[in-house]
Structure formats: C-alpha cells, structure tokens
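These notes are about the structure you will find just below.
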Amino acid sequence: MSRLAQAFWITSPGRGEIREVALPVPGEDEVLVRAQWSGVSRGTESLVFRGEVPASQYGAMRAPFQEGDFPGPVKYGYLGVGVVEEGPAPLLGRTVFCLHPHQTRYVVPASAVIPVPDTVPAARAVLAGTVETAVNALWDAAPLLGDRIAVVGAGMVGCAVAAVLARYPALRVQLVDTDPARAATAEALGVPFALPGEALDGCDLVVHASATGAGLTRALELLAPEGTVIELSWYGDRQVSLPLGEAFHSRRLVVRSSQVGAVSPARRARRGFADRLALALDLLADPAFDALITGESAFENLPQIMPGLASGALPALCHRIRYGDGADRE
C-alpha cells in the first residue's frame, strides 16, 4: 500500500487547501523526511498566492520541488525543516533543511537536504533560505571596511540582510522602514533604525528590499556620489517608476539587481548552492535571528492563514508552520 502525506496546494489565486499525496518508496540515493517546521516567505509566497507571477517569469519562479503550474493549482514553498526517517546512514535521524513546499512528509534526493548544525534549533532553521538570500546579496554588494550602509525595507529579507551586516566590523549600518514598529525588530537584531525621512544619507551602499517604488527612490536619495543600490525586491507584475533624471547621472549612481536563483558571480567559481546554504545555517546559530519569526500556526490551518498573510491583514515577517504527529499515515 502506498504511503500518504498531506501537502498545501494553492488551488487558484487567493485560495488554498490541504491535499493528500502519495509518497514513493525512497531510492538508494533518496531520503524520506518527516516535516517538523516550515516557514512562509511572505514576499514571494504572497505574490504566488495572489496569482501575481508574470507569465514571462513562470519558469524562473519555479521552486525546486514545486508541483503544478502558475497561477494554480500549484504546490509552492521552500523553507522546510524535518528529520530524515529513511535514507543513507550518515543522514538517518538527522535534522535537515530542504527547499520543499509545505508538506507533512516528502521524498527527495539526499543531495537536496543540508544537515542543520547542532548549534541551530530546528525551529529557527526555517530562516535558512532567507538568510541564504542575504548572503548572496552581500556577496553581490561586497561591502568594504568603513562603508556607510542603509537597508531600506524591514521585511523578512531586509531584516536578514541588516542582521548579517550588523556582524561585520567597522560599518555604519541603518535599517530603514515606514513602520515604526520595526524599530523593536531592529533593536533585537542589533541594528539602528530610522524612518525614511530620518535616515542618514551619504551612503556608499544601500540594499533595497521594500518592494515599493517609493522605497527604491529613497534608496537612491540616500546614496553618496558613485554609490550603489543593490535591488533585492521582486515586484511580480507591478510596474515601478524611478527618477532617473535629476541628479542620477551627474552623481554617477548605480542600481544593480541581486537574486538568489544563481550564486553571486563574486563567488561562483569557488562556492555552490550547498556551500551558500550551509553558510546561512551556520549564521543562524545567533539567537538574534529569532526576531524574524513573528507568528506560528499549525499546518492544518494554512488554508485559513495564507489569505491574511498574503493581504497583509496578518502582519508578519516569517510566519512559522508547525507539524504535529499523526498528520500523515501509512
């Protein structure tokens, strides 16, 4: 008899449900993982849930173990932590991170899981994919000793970037957001906070992660001459206006994209995806990252929780999903 698990599917824009899925018997180089935790990546997953992935980006936006196609039905997600129940001896019983959608158990190649270090609680390890994005962005940005840096946008990714930068020596770092409540998060991360109108200018580097045109405009305004904005926001199918007249050319400003789908060219010759993810997990030994987890729900409640997360009615950075025993069966 085939084994069954449960998975969260987006059935159509704005709607989701729990479905049963059949699990194959793991092959020689595969593992069966029992989920403990997963995380909802509010930015990207909200766009997917609302059906706002542009048709031109359907291929680029596919998650590693996605099933179905945009705009739906589709099984989507990529922040999973669980325990290996079947597989090669070195992984058996290990807590691992996997870029897998929300599902109670799943079978994947052994190469697709990364062991979580003993220094990192499993419940915090759901942040690994987000911190991996921050690592890649900072490989792209290549901050120098003494740089003046702002991170504009205190969402999940922006906070992760600021948290990593706060651990660099001899940098001036500031986290900028329109929501005054993000000041408490910044304090927990060890980063000074400012509202957009109060942010320090003269920046050598600004990392933009607000996913708004106003945020990107402010990021440009904060730059010193010949400074660089690293653009981390993804806007889906929305158009963004940007003031590229005024002093943009005379100040020789730069806007450069960064995206986690490829390893930064600065490290591509010497680091692969697994190396980058392993580094992110090592960084998560710092308990300050717990400030990024702002809510928690049971897996079976995901269909009711996702609409609020996607609309912003349920404020969150990372919303963590917990999996209980008995959610799947033989």
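For the numbers below, each heavy atom of this structure counts, side chains included, while hydrogens, waters and symmetry mates do not.
- A 6.0 Å sphere centred on CD of E28 holds no more than 12 heavy atoms belonging to other residues, nucleotides or ligands.
- Under the 4.5 Å side-chain contact rule for hydrophobic residues, L32 and L91 do not share a cluster.
- Judged by distance alone, with hydrogens and angles left aside, the side-chain atoms of R34 form no donor-acceptor pair with the main-chain N or O of E85 at under 3.5 Å.
- The cluster map of Ile, Leu, Val, Met, Phe, Trp and Tyr, joined by side-chain heavy atoms under 4.5 Å apart, puts L222 and L171 in different clusters.
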For this session: Given side chain to side chain donor-acceptor pair (under 3.5 Å), test S233 with E231 step by step and report yes or no.
Result: CA-CA 6 Å; S233 299; E231 175 59 281; 3.3 Å; yes

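- In this structure, R15 places its CZ atom where only 12 or fewer heavy-atom neighbours from other residues, nucleotides or ligands lie under 6.0 Å away.
- Distance alone, capped at 3.5 Å, is enough to place a donor-acceptor pair between the Q174 side chain and the L200 backbone.
- For the pair V206/I230, no side-chain contact is recorded, criterion being any heavy-atom separation below 4.5 Å from C-beta on.
- Under the 3.5 Å distance criterion, with hydrogens and angles disregarded, no donor-acceptor pair is assigned to the side chains of H319 and E45.
- Between the R276 side chain and the S264 main chain, no donor and acceptor come within less than 3.5 Å of each other.
- A salt bridge is absent between R148 and D201: the closest approach of a Lys/Arg side-chain nitrogen to an acidic carboxylate oxygen does not fall below 4.0 angstrom.
- Counting only distance, with no hydrogens or angles, the side chain of R167 and the backbone of A163 share a donor-acceptor pair below 3.5 Å.
- With hydrogens and angles disregarded, a donor-acceptor distance shorter than 3.5 Å links the side chain of Q66 to the backbone of G68.
- A distance-only check finds no donor-acceptor pair linking the side chain of T95 to the backbone of V116 [under 3.5 Å].
- By the neighbour-count criterion of 12 heavy atoms within 6.0 Å, atom CD of E187 is sparsely surrounded, having that number or fewer from other residues, nucleotides or ligands.
- Ionic pairing of R3 and E86 is present here: one or more N-O contacts between side-chain nitrogen and carboxylate oxygen are shorter than 4.0 angstrom.
- The neighbour count for R252 CZ, taken as heavy atoms of other residues, nucleotides or ligands under 6.0 Å away, does not exceed 12.
- The closest donor-acceptor contact from the side chain of N136 to the backbone of T133 lies at 3.5 Å or more, if one exists at all.
- Relative ring orientation between H100 and Y106 is described as parallel, the plane-to-plane angle staying below 30° on a 0-90° scale split at 30° and 60°.
- Across L175 and C159, no two heavy atoms sit closer than the pair CD2-SG, 4.1 Å.
- A donor-acceptor contact shorter than 3.5 Å links the side chain of R218 to the backbone of P196.
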